[in-house]
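Since the model is a prediction, treat every value here as computed from it, not as a measurement.
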Amino acid sequence: MSRYEEAKKLYAAYGIDTDAAIAKLKNIPVSLHCWQGDDVQGFDSKDALSGGIMTTGNYPGKATTPDELMADMEKVISLCPGKAKLNLHACYAIFEDGEFVDRDKLEPKHFKKWVNFAKKHNMGIDFNPTFFSHPMVKDGLTLSSPDESVRNFWIEHGKACIRISQYFAEETGVPCVMNIWTGDGFKDIPADRLGPRMRYKDSILEILSEPFDKKLVKPSVESKVFGIGVESFTAGSAEFALSLAATTDGCIPLMDNGHYHPQEYVSDKISALLCFYPELALHITRGVRWDSDHVLLFDDETREIAKEIVRNDALDRVYMALDYFDASINRISAWTVGFRSWQKALLQAMCLPNAELKKLQDEGKFTELMVKQEEAKMLPFGDVWEEYCKTCGVVAGPEWFEEVKQYEQDVLSKRNS
């Protein structure tokens, strides 16, 4: 009998069907973010990152062209089990034959190559307007700026992104989550908090006035707690984002688990939002001390987030996307470790006796609940993971890193980046 067959029997004693968990997970999409591959540079500017975004490190071999970035993502997809979805920022528009348009004039045609890439890999596409690293970020503000010309520029950018999101969904047949996030805020204590927030609200509502099919395009609003240069105030706080999503038809909240105070946990917030929102979105990352976008690991909070989604039967209500960028290590490895970590977290959550544990809680049997939770940690999850990877045609163990090292030697080391 194989190790998986033995593990399957042990899990069955807890009432868990590991075959069913494996089959289900293979069809749950997780968005893979393009910006890990080139340190959030994009293709519409060669200027340094600005507007609340920063990467650290200068590991060689980053992608500098669309073809390089797509090749790198293909390598990652080949190393990861599960169903990937493509996540793009607007600054990754691809211009050809000397053409260039500013962000307020972007069109679907500027993303046609990305659509072809997505179709090749049977992927949907999620999208993000890029409200940073641009001359029209004035005094650190975009949609909340007191300068009407600045606001109008970014509103038009947002509307263009709505149209592009509709194009993505129509072409791929998969709904597109279009996420609105800005780094708007102030370094020191502001004299007026309400004014920027009212302008921010009105700007987002104006963007969402652009016609779109609510079944195909899922606009979301992402909050922020603080960041570099906005230590004292952010226009799009958690309360702002949740309130706007709650009062705006066709808009859903997006939580990035790096965008809260260090002792706040998104794993605790998911069930609160599920009480009120039909759908919600996540950007899954790993913050160290602050919103530092470290590579996602199979750590406690990652596992808790996955458990909250799974045990609340919310896999079809939560849009899951990865969001981190580390320029200090091999970028292919960073992508792969993060994606595989989230797959592990989802699979492990699906292999827990969730119904039994809930029943023990409702019956007030907290001693037994603690015992059962601790015992479940010792179930042979590694064998289930290995079987899942096998059914997906990828290796379960660290052997994948040998492919990355070979790719670095053959491809990345030859780039002039």
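Residues Trp342 and Thr302 share a closest heavy-atom pair of CZ3-O, 3.5 Å. The minimum heavy-atom distance between Arg151 and Ser203, with the atom names listed, is CD-OG, 3.8 Å.
Looking at heavy atoms from C-beta onward, Leu297 lies in side-chain contact with Val337 at the 4.5 angstrom threshold. Counting heavy atoms from C-beta on, the side chains of Cys389 and Val395 never come closer than 4.5 Å. Taking the side chain as every heavy atom from C-beta outward, Met73 and Leu86 approach each other to under 4.5 Å. Taking 4.5 Å as the limit, every side-chain heavy atom of Asn179 sits out of range of all side-chain heavy atoms of Asp126. The shortest distance between side-chain heavy atoms of Phe401 and Ser333 falls below 4.5 Å. Using a 4.5 Å heavy-atom cutoff, the side chains of Leu322 and Phe339 are in contact. Side-chain contact between Val295 and Ile329: present, with at least one pair of heavy atoms (C-beta onward) separated by less than 4.5 Å. Tyr277 places none of its side-chain heavy atoms less than 4.5 Å from the side chain of Ile252.
No hydrogens or angles considered: nothing links the side chains of Asn87 and Trp35 as a donor-acceptor pair under 3.5 Å. Side-chain contact of Tyr319 with Ser31: a donor-acceptor pair under 3.5 Å is absent, judged by distance alone. Side-chain N/O atoms of Asp102 and His134 include a donor and acceptor closer than 3.5 Å. A donor-acceptor pair shorter than 3.5 Å cannot be found between the side chains of Tyr14 and Glu375. Between the side chains of Ser223 and His259, no donor-acceptor pair of N or O atoms lies under 3.5 Å. With hydrogens and angles left out, the side-chain atoms of Tyr59 and Glu408 include a donor and acceptor closer than 3.5 Å. Counted by atom type alone, Asp184 and Thr142 present one or more donor-acceptor pairs between their side chains at under 3.5 Å. Checked by atom type, the side-chain pair Glu68/Thr64 shows a donor-acceptor distance below 3.5 Å. Thr55 and Asp39 are not linked by any side-chain donor-acceptor pair at a separation below 3.5 angstrom, with hydrogens and angles left out of the test.
Atom CG of residue Asp323 and atom CG of residue Leu254 lie 8.5 Å apart, to the nearest 0.5 angstrom. Taking CZ of Phe131 as the start and SG of Cys161 as the end, the distance is 6.5 Å to the nearest 0.5 Å. The CG atom of Leu244 sits 5.5 Å away from the CG atom of Leu205 when rounded to the nearest 0.5 Å. We find the NZ-CD distance between Lys372 and Glu356 to be 4.0 Å, quoted to the nearest 0.5 Å. Annotation: the span from Leu296 atom CG to Asn257 atom CG amounts to 7.5 Å, rounded to 0.5 Å. Rounding to the nearest 0.5 Å places SG of Cys176 at 7.5 Å from CD1 of Ile125.
With Arg303 contributing its side chain and Ala345 its backbone, the two residues share no donor-acceptor pair below 3.5 Å. For Lys414 (side chain) and Gly61 (main-chain N/O), no donor-acceptor pair under 3.5 Å exists by modelled atom type. Using a distance-only test at 3.5 Å, with no hydrogens or angles considered, no donor-acceptor pair links the side chain of Ser267 to the main chain of Glu304. Side-chain atoms of Arg103 never come within 3.5 Å of backbone atoms of Ala90 as a donor-acceptor pair (strictly under, hydrogens ignored). Judged by distance alone, with hydrogens and angles left aside, the side-chain atoms of Glu5 form no donor-acceptor pair with the main-chain N or O of Ser2 at under 3.5 Å. At least one donor-acceptor pair closer than 3.5 Å links the side chain of Asn354 to the backbone N or O of Ala349. The closest donor-acceptor contact from the side chain of Ser292 to the backbone of Trp290 lies under 3.5 Å. A distance-only check finds a donor-acceptor pair linking the side chain of Trp154 to the backbone of Met136 [under 3.5 Å]. A distance-only check finds a donor-acceptor pair linking the side chain of Ser78 to the backbone of Lys75 [under 3.5 Å].
With respect to the salt-bridge test (charged N to carboxylate O, under 4.0 angstrom), the residues Glu301 and Arg286 do not qualify. No salt bridge links Glu6 with Arg3; every basic N to acidic carboxylate O contact stays at or beyond 4.0 Å. Here Lys359 does not pair with Asp362 in a salt bridge; the nearest charged N to carboxylate O distance is not below 4.0 Å. Using a cut-off of 4.0 Å between Lys/Arg side-chain N and Asp/Glu carboxylate O, Lys218 and Glu279 are scored as salt-bridged. Salt-bridge check for Lys113 with Glu96: passed, with a basic side-chain N closer than 4.0 Å to an acidic carboxylate O. Salt bridge present: Glu99 and Lys109 bring a charged side-chain N and a carboxylate O closer than 4.0 Å. A salt bridge links Lys224 with Asp291; the closest basic N to acidic carboxylate O contact falls under 4.0 Å. With salt bridges taken as basic N to acidic carboxylate O contacts below 4.0 Å, none links Lys112 and Glu171. Looking at Asp72 and Arg331, no side-chain N of the basic residue comes within less than 4.0 Å of a carboxylate O on the acidic one, giving no salt bridge. Between Lys8 and Glu387 no salt bridge is recorded (no basic side-chain N to carboxylate O distance below 4.0 Å).
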Original post:
Can you list the steps and then say if Arg199 with Ser145 is a side chain to side chain contact (heavy atoms under 4.5 Å, CB included)?
Top reply: CA-CA 7 Å; Arg199 291 191 292 269; Ser145 173; 5.9 Å; no
**OP:** Quick one: do Glu206 and Lys159 satisfy side chain to side chain contact (heavy atoms under 4.5 Å, CB included)? Show the steps, please.
**Re:** CA-CA 8 Å; Glu206 181 63 25; Lys159 288 184 174 183; 2.8 Å; yes
**OP:** Evaluate side chain to side chain contact (heavy atoms under 4.5 Å, CB included) for Val221 paired with Thr248, printing each intermediate quantity in order.
**Re:** CA-CA 11 Å; Val221 181; Thr248 304; over 6 Å; no
**OP:** Could you give me the CA-CA distance, side-chain angles and deciding distance for Lys120 and Glu74, then say whether salt bridge (charged side-chain N to carboxylate O under 4.0 Å, His left out) is met?
**Re:** CA-CA 10 Å; Lys120 176 182 176 182; Glu74 285 184 328; 2.7 Å; yes
Original post:
Step by step, would you call Glu403 with Leu79 a side chain to side chain contact (heavy atoms under 4.5 Å, CB included)?
Top reply: CA-CA 9 Å; Glu403 283 196 48; Leu79 299 172; 3.6 Å; yes
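Ring centers of Tyr200 and Phe240: under 6.0 Å apart, within the cut-off. Between Tyr92 and His33, the gap from one ring centroid to the other reaches at least 6.0 Å. Aromatic ring centres of Phe95 and His110 lie closer together than 6.0 Å. For Phe153 and His157, the distance between ring centers is not under 6.0 angstrom.
Residue Phe276 places its CZ atom among 12 or fewer non-hydrogen atoms of other residues, nucleotides or ligands, all under 6.0 Å distant. The number of heavy-atom neighbours closer than 6.0 Å to NZ of Lys215, taken from other residues, nucleotides and ligands shown, is 12 or below. Around the CD atom of Glu210, the shell of radius 6.0 Å holds more than 12 heavy atoms that belong to other residues, nucleotides or ligands. Other residues, nucleotides and ligands contribute over 12 non-hydrogen atoms within 6.0 Å of the NZ atom of Lys269. Within 6.0 Å of the CG atom in Asn116, the count of heavy atoms belonging to other residues, nucleotides or ligands exceeds 12.
Stacking of Lys214 on the aromatic ring of Phe212 is recorded, both the 6.0 Å distance cut-off and the 45° axial limit being met.
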